[in-house]
Amino acid sequence: MSRVSVPCHVKSTVALQVGDMRTSQGRPGVLVIDVTFPSVGPFELQEIVFKNYYTAFLSIRVRQHTSMYTPAKWVTCLRDYCLMPDPHSEEGAQEYVSLFKHQMLCDMARVLELRLILRQPSPLWLSFTVEELQIYQQGPKSPSMTFPKWLSHPVPCEQPVPLLEGLPDPSRVSSEVQQMWALTEMIRASHTSTRIGRFDVDGCYDLNLLSYT
C-alpha cells in the first residue's frame, strides 16, 4: 500500500517532574511532545515512524475533527506501548519503531494534532526522547487498468472447417483397402509356381504347335 509523508511541526518537549525538585533525586520521568500539521487539513493517519532514545513506554493522544458545530476532541489511541522490555537495560533503547493505524485503539481519520507521552521510570538514564519522527497518510490509489472490449469478452472458439470436405470417408477407405489386401493374399497363396508346359518341348517351343493356338 502506498503512503505519503505528512509535513508536521514537532514542538519542544515538556517535562513533567517526578520526585522532589529541590533534591538531586528529582528527575523528569514523563515527557510530552505535541505534533501539529499547519499546512494540511484533517487527514487519515496511516503510520508513525520514529527512532527511540531510551523511552520505555509510549502513549499517544490524537485530536480529531468532528463537525463544524462541535469542537475537536482529544482521544487516546495508544496506551503504554512498550518500547523497552526492561527499562533498566538497553534492549530496544535505540530501535526504529513503526506504528500502524490498525494498532491504534480508535479510528485515525480526521486527525488534526498528535500528542506523544513518553515515560521512563528507570533512574539509570539521564535523558530520553524519540527522534526522526515521521507521519504518513495513505497515498492515492492506483488507477484501475482498463482493457479493450475484445479482451474482456473474447470470441468463442469456432469449429475448424474440415480440410477433407468432399473426399471419401477415411474409415470406409481403410476397410476397403483391408479387404483388397486380404483378397490379394488369398490369390497369392493359391497361385502355383509349377510351369504348365503345354507348348514347350525340352524347354523350347515348337513353332508349328504355337501356330495352331
Side-chain angles (χ1 to χ4, degrees), residues 1-18 27-122 125-148 151-152:
M1 180 181 296
S2 62
R3 61 178 188 173
V4 177
S5 178
V6 182
C8 62
H9 174 66
V10 181
K11 296 183 178 181
S12 301
T13 58
V14 177
L16 302 181
Q17 193 73 24
V18 176
R27 57 174 299 276
V30 179
L31 296 179
V32 177
I33 302 177
D34 284 339
V35 184
T36 60
F37 309 94
S39 60
V40 297
F43 67 97
E44 182 175 357
L45 189 145
Q46 182 73 26
E47 183 181 0
I48 301 174
V49 179
F50 60 87
K51 181 182 179 182
N52 186 30
Y53 186 79
Y54 292 94
T55 298
F57 302 98
L58 171 66
S59 297
I60 301 179
R61 289 175 60 81
V62 57
R63 190 168 71 94
Q64 294 176 305
H65 175 74
T66 53
S67 67
M68 296 178 57
Y69 309 102
T70 306
K73 60 179 180 179
W74 285 95
V75 180
T76 299
C77 59
L78 191 68
R79 190 186 305 275
D80 292 333
Y81 184 82
C82 183
L83 300 176
M84 297 174 61
D86 181 6
H88 303 288
S89 67
E90 293 198 6
E91 182 181 357
Q94 299 186 60
E95 297 289 336
Y96 281 92
V97 180
S98 293
L99 298 174
F100 298 90
K101 69 175 184 178
H102 67 266
Q103 298 176 263
M104 304 302 174
L105 301 175
C106 65
D107 184 20
M108 298 303 291
R110 306 179 304 279
V111 173
L112 296 173
E113 188 175 353
L114 290 178
R115 175 167 294 166
L116 310 182
I117 304 172
L118 319 179
R119 290 200 304 115
Q120 176 51 270
S122 175
W125 320 115
L126 297 178
S127 62
F128 61 96
T129 186
V130 294
E131 302 173 338
E132 305 177 24
L133 181 64
Q134 299 180 62
I135 309 298
Y136 293 95
Q137 64 178 338
Q138 182 175 346
K141 296 182 179 180
S142 301
S144 58
M145 298 183 63
T146 57
F147 297 92
L151 280 179
S152 303

Q: Step by step, work out the side-chain contact (heavy atoms from CB on, under 4.5 Å) result for Thr13 and Leu118.
A: CA-CA 10 Å; Thr13 58; Leu118 319 179; 5.8 Å; no
Q.
I need the Gln94 CD to Met84 CE distance, nearest 0.5 Å.
A. 9.5 Å
(Q) If you count heavy atoms of other groups shown closer than 6.0 angstrom to CD of Gln134, is the number above 12? (A) yes
Q. Hey, what's the ring geometry for Tyr54 with Trp125, parallel, tilted or perpendicular (30° and 60° as the breaks)?
A. tilted
Q.
Has Arg110 got a side-chain atom pairing as donor or acceptor with His65's backbone, closer than 3.5 angstrom?
A. yes
Q: Check the pair Gln103, Ile48 against side-chain contact (heavy atoms from CB on, under 4.5 Å), reporting the backbone distance first and the verdict last.
A: CA-CA 11 Å; Gln103 298 176 263; Ile48 301 174; over 6 Å; no
Q. Quick one: CG on Leu99 to CD1 on Ile135, what's the gap to the nearest 0.5 Å?
A. 9.5 Å
Q.
For the backbone of Val97 and the side chain of Asn52, can you confirm whether one donor and one acceptor N or O come within less than 3.5 Å of each other?
A. no
Q: Looking only at non-hydrogen atoms, find the nearest pair between Ser122 and Pro87 and report the distance.
A: CB-O, 3.4 Å
Q. Do side-chain atoms of Gln120 reach the backbone of Ser127 as a donor and acceptor pair under 3.5 angstrom?
A. no
**Q.** Contact check, side chains of Leu45 and Val62, non-hydrogen atoms, under 4.5 Å
**A.** no
Q: Could you grab the distance from atom OH of Tyr136 to atom CZ of Phe100, nearest 0.5 Å is fine?
A: 10.5 Å
Q) Is there any side chain to side chain donor-acceptor pair (under 3.5 Å) pair reaching into residues 29-42, and which pairs are they, with sequence neighbours excluded? A) Asp34-Arg115
Q | Atom pair CD (Gln138) and CE (Met108), whose distance is rounded to the nearest 0.5 Å | A | 14.0 Å
Q) Mind checking whether Thr129 and Ile33 have side chains closer than 4.5 Å, heavy atoms only? A) yes
**Q.** Option from Thr55, Val30, Ile60 for which side chain to side chain contact (heavy atoms under 4.5 Å, CB included) with Ile117 holds
**A.** Val30
Q: Could you give me the CA-CA distance, side-chain angles and deciding distance for Phe50 and Leu83, then say whether side-chain contact (heavy atoms from CB on, under 4.5 Å) is met?
A: CA-CA 11 Å; Phe50 60 87; Leu83 300 176; 4.1 Å; yes
Q: Run through Glu132, Glu131, Lys51 and flag the one making a side chain to side chain donor-acceptor pair (under 3.5 Å) with Tyr96.
A: Glu132
Q. Picking from Gln137, Glu47, Gln46, what satisfies side chain to side chain donor-acceptor pair (under 3.5 Å) with Arg3?
A. Glu47
Q.
Ignoring hydrogens, what is the shortest heavy-atom contact between Phe37 and Pro7? Give both atom names and the distance.
A. CD2-O, 3.5 Å
Side chains of residues 73-80: which donor-acceptor pairs under 3.5 Å do they make with residues two or more places apart or in other chains?
from: Thr76; atom 1: OG1; to: Arg61; atom 2: NH1; distance (Å): 2.7
from: Asp80; atom 1: OD1; to: Ser59; atom 2: OG; distance (Å): 3.4
from: Asp80; atom 1: OD1; to: Arg119; atom 2: NH2; distance (Å): 3.4

